[in-house]
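Following: one structure in C-alpha cells, then a few remarks.
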Amino acid sequence: MYDRRIMGTADATTTASSALFDPQAILESRVRGAMVRAVPDLASQSPEAIDPMVTASRNAKFGDYQCNAAMGLGKKLGKPPREIAQAIIKNLDLTDIAEPITEANIAGPGFINITLKPQSLSSLLTTMAGASMGFPAPGSLGTAVVDLCGVNLAKQMHVGHLRSTVIGDTLANILQRAGWKVIRQNHVGDWGLPIAMVTSRLIDQAAAGQIDLSKVTLDDLDKAYKAAQRECESDQRGLLMAQRWHMGPKIIAELQAQADGAAEKSERARSVLRRLQTHDKDVMAVWQRISDVTMSACLTIASRLNADVRPEHSAGESSYAEELAPMVAELEKSQVAQISEGALVIRLEDVGLNEPLLIRKSDGAFLYATTDMAAIRRRVQKLGAQRVVYCVDARQSLHFKQVFAGASKAGYAKLPSGQNAVLEHAAFGTILGEDGRPFKTRSGESAKLGELLDQAEAYAFEVITQRSPDMSEDERRSISRTIAVAAIRYVDLSTERIKDYVFSYQRMVSFEGNTGPYLLYALVRIRSIFRKAAERGISTSDLPAPTIAHAAEKTLALALLRYPGVVQDVAKSLEPSRLCAYLYELAGVFSTFFDVCPVLSAASDSERASRLALCKLAEGVLAEGLKLLGIPTLEKM
RNA sequence: GUCCCGGUAGCUCAGUUGGAUAGAGCAGCCGCCUUCUAAGCGGCAGGUCGUGCGUUCGAAUCGCACCCGGGACGCCA
C-alpha cells in the first residue's frame, strides 16, 4: 500500500557503521563473501539477496554464533547441505576473530558453529566504546515524525493515554539515537463538536455565576465534559421503549422533556462550534482557557512519566482547522474524492480497501480523517518527514490504513525524491481491567494517570523505607518517584505492542524479576562498585581493554556487543519490548558476573582493572538503554 | 456477514528472516549474605506451543480449514 523502500536505505547505512565491532555484522559480511566464493552462481546476485543467516547461538555449547545458510542453500541448489557447509568454511577466513573453523564446527544437517577468540572480544569491546556505539550521526538518516500522547481538551490523562505517551516517547528516543532527526507531534483533540459542547456548557455556567473560569481545574473541566456529553445526548431509545411498553404518561413526558432539552443543548453547542470556527473573541477566550488548563495539567503528568512532551510539540486538530476547506476543495476538484450519498469520500477499492475514506459529511462538516489527511500533508511536505510513526491504539488500524492510502492517493506523502514517505501505525493493544473489559475504576471512571503514579510512588516508598531505613526521607521520596516511573513505563513497554494487557497494581508495583526496578537495581550495583573504588582510592580512569577469561565475563561481553544491533532493530520494528528484553538479559548476565567475579577484591591488579573496564561498559550500555526507555537512573536505592 | 489482532508452564509473558533439548519472571520447593546493594544469584519441579490437515531434512514460526477470546467495519473521534 505504501512504499517501504526508504527502509532499505536506512538498513544499509546502519549496518555498515556498526560492522566495526558488532560480531554479527562482521560474521555476516565474512560469510557472505565465503558463500559467493563457494557457490559462484551467487556472484550475480546483489549482496542483500544473499542471506548469511548468522545468529547468536541460543545454546553456549554450539559456540557463540552460528550460521544456518548451508541448509537453505543446499535446498535451493539440490545439493547435500553439509557439502555446502564444507564449501563455505573452506572459503571462510575468520582467523583474526574466531577460533579455527574446521569440519568439527559443522553440526547436524549443516550448522556452522563459530566461537570468538577471547582476545577479539576484548578488542571489539574497546572499539565499541570508542565509536559512539557505531550509530550513524544524529539526523543522518533523515527526518521522522512521531505522533504521540494525543490528549483531549477537558479530559484528565487516563490509562488510555499512557501507552501512546510512553511508547511514543520511547520510540522517538530510539529513532533519534539510531540516527533520525525526530519531530514529536502531539495531535491534541482540541476541536470539533465535543469541545464545543463543553465550551458551551462552561459559557452558560460562567454566565450563571456557577463557576469562575479563572479558577477552574482540569478536574472541573473533566466533570463539565462528561456532563455536557450527557445533556446533549438524547435518550431516544428510552423514549421509544417507554412509548412501546406504555410506561405511563409521566415517564413518557419526562423522557420527552429530556429529549427536547438535549436537542436544545445540542443546537447551542453547534452554535458555539460555528463561533469557534469563526474565531469569535468571547468563545475563543473560553476555549483558550480550557486549552491552557488542560495542557498545563497533562504536560505535568507527561513530565512525571519522564516523557518528553512539551508545548512546542502540540499540533492540535485546531491547528489544521483553516487548512481543511481548501484541502477538501482541491481533492474534490482533482477527482481524488467523489460525492457518495451526499458525503465526500475517497474510494480505496483499488488498493484493497472496501471501505471508502469519508472526508466530508453530507452536512458539510469535516471529520477526524480529514484532519489526519492534513496532518500527513504538513508532516511530509512542510516538516520534511521521510517517516511518520503513529503511536495510536490498535482499534484505529482500519482508520490509519484508509488515511495512509488516501494520503498516498492525494500525493500528500510524496517526497521531493519522488518516493513516498513511510507511514507507519505503531499500533498498541488495550489496557484491560480484571474483567477483561477496557480498564475502568470501580466507579466506572478511567483510572487517572496522576493517581496511578501516586499509588506506585507510595508503594515504592514503603519498600525503600523497609530496605534503607537510614536514608533521609527526602532521598527516599525522590528515589520512590524514579522507581515508580521505571515500574510503570517498563510494564507498558516490555510486552509486544499489539497485545492487550490486564492492568494490575500488583504488577505495576512489583519490583522483582522482569521489571523496571530490577534494571535500576542492576545499574545501582555497578555504580556502587565505582563509588566504593573511589572511597578506597582505586583509580577507575585509563582502564585497559578488558581481558575475557571467566565464563561470566564472556557472557557479559557477548551481551554488550549486541546492544547497537538491538537499538537498530527497534528503530526498524518499532517494538520497544525487544530493547526491554535485551536490557533484562543484560542485567541478568551482569548480576551473574557480579556474583561470581569479584571486581574490587579481584585476584590481581590487572584482573581488577580489566573487570572495572567491563563494568564501565556495562554501566554505559545499561544506562543508555534505560535512557532510551525513558527511565531515569539512580546512584543508590 | 467481511476484515484485523490474539491463543505458548497454574499465572504473566519471551521466542527475530522456519533451525539443534520451546525460554524467562511470578507462585511452589531446595541452597547461598562477617566479602563490590539478597529488589540478587544458583538449583529442582512445571509444556498435547488452541485443534486438525498440509508444505520439508526440519514447524510455536509458513499454507489451508476449524474452535475460542477481543476488536473494527460511510456521515463519532
Side-chain angles (χ1 to χ4, degrees), chain A residues 51 53 55-59 61-62 66 68 71-72 74-75 80-81 107-111 113 150 152 189 191-194 317 340-345 352-363 365 367-369 371-372 393-399 401-402 427 429-430 432 436-438 460 463-464 466-468 483 491 494-496 498-502 504 506-507 510-515 517-522 524-533 536 569 573 575 577-578 580-581 584-585 587-588 591-602 611 615 636-637:
Chain A
D51 191 347
M53 305 270 289
T55 58
S57 295
R58 228 166 263 203
N59 191 327
K61 84 175 186 198
F62 299 130
Q66 62 182 64
N68 303 340
M71 280 85 77
K75 185 188 281 188
F111 299 106
N113 294 331
N152 303 292
W191 210 241
L193 193 57
E317 294 176 330
S340 164
E341 297 169 40
L344 190 67
V345 309
L353 292 169
N354 293 324
E355 299 82 359
L357 178 67
L358 266 78
I359 56 172
R360 191 181 65 207
K361 302 202 283 179
S362 48
D363 67 2
L367 298 107
Y368 187 50
T371 309
D372 274 323
D393 195 296
R395 286 171 290 192
Q396 295 193 29
S397 287
L398 176 60
H399 167 75
K401 271 186 197 163
Q402 292 176 291
T430 309
L432 306 172
R437 310 295 307 166
V463 174
I464 195 158
Q466 206 179 341
R467 300 191 52 84
S468 308
I483 290 175
V491 162
S494 59
T495 59
E496 251 190 312
I498 194 67
K499 291 193 175 173
D500 295 346
Y501 69 84
V502 174
S504 110
Q506 214 181 347
R507 187 173 172 204
S510 157
F511 301 156
E512 291 170 347
N514 191 1
T515 63
Y518 171 78
L519 300 187
L520 284 179
Y521 182 68
V524 161
R525 295 212 289 183
I526 306 177
R527 289 179 172 172
S528 178
I529 293 173
F530 287 97
R531 200 168 48 243
K532 282 279 175 5
R536 297 179 197 177
D569 169 53
S573 63
E575 200 61 80
S577 64
R578 294 189 192 167
C580 293
Y584 178 60
E585 193 188 325
S591 293
T592 302
F593 163 84
F594 183 89
D595 243 45
V596 298
C597 295
V599 178
L600 298 180
S601 52
R611 286 181 178 171
C615 286
K636 292 181 187 175
M637 66 188 278

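Keep in mind that the numbers below use all heavy atoms, side chains included, and drop hydrogens, waters and symmetry copies. Chain letters run A, B, ... following the sequence lines, proteins first and then strands; every chain starts at 1.
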The criterion is ring pair (Phe, Tyr, Trp, His ring centres under 6.0 Å); which residues satisfy it with Tyr501(A), sequence neighbours excluded?
none
Expected rows: protein N/O vs nucleotides 6-11 of chain B N/O, under 3.5 Å:
{"from": "G7(B)", "atom 1": "OP1", "to": "Lys499(A)", "atom 2": "NZ", "distance (Å)": "3.2"}

Which is it for C33(B), anti or syn, if anything within 90° of zero counts as syn?
syn
Could you tell me the separation between the CE atom of Met53(A) and the P atom of A20(B), rounded to a whole number of Å?
11 Å
Can you give the dot-bracket line for RNA chain B, using ( ) for pairs inside the strand, [ ] for pairs that cross earlier ones, | for pairs with another strand and . for unpaired bases, where Watson-Crick and G-U count if both distances are under 3.5 Å?
(((((((..((((.....[...)))).(((((.......))))).....(((((..]....))))))))))))....
Could you list the residues that satisfy side chain to side chain contact (heavy atoms under 4.5 Å, CB included) with Thr592(A), not counting sequence neighbours?
none
Are OP1 or OP2 of U16(B) and a side-chain N or O of Thr55(A) less than 4.0 angstrom apart?
no
Tell me whether the side-chain N/O atoms of Tyr518(A) come closer than 4.0 Å to OP1 or OP2 in C41(B).
yes
Do Tyr521(A) and the base of G40(B) stack face to face, with centres under 5.5 Å apart and an angle between planes under 30°?
no
Does the protein touch nucleotides 72-77 of chain B at the base, only the backbone, or not at all? Give it as B, S and - per nucleotide, heavy atoms under 4.0 Å.
SSBBSB
For Tyr521(A), enumerate each residue passing the side chain to side chain contact (heavy atoms under 4.5 Å, CB included) test, keeping only those at least two apart in sequence or located in another chain.
Arg525(A), Met637(A)
Specify the separation, in whole Å, of atom CZ of Phe593(A) and atom P of G42(B).
14 Å
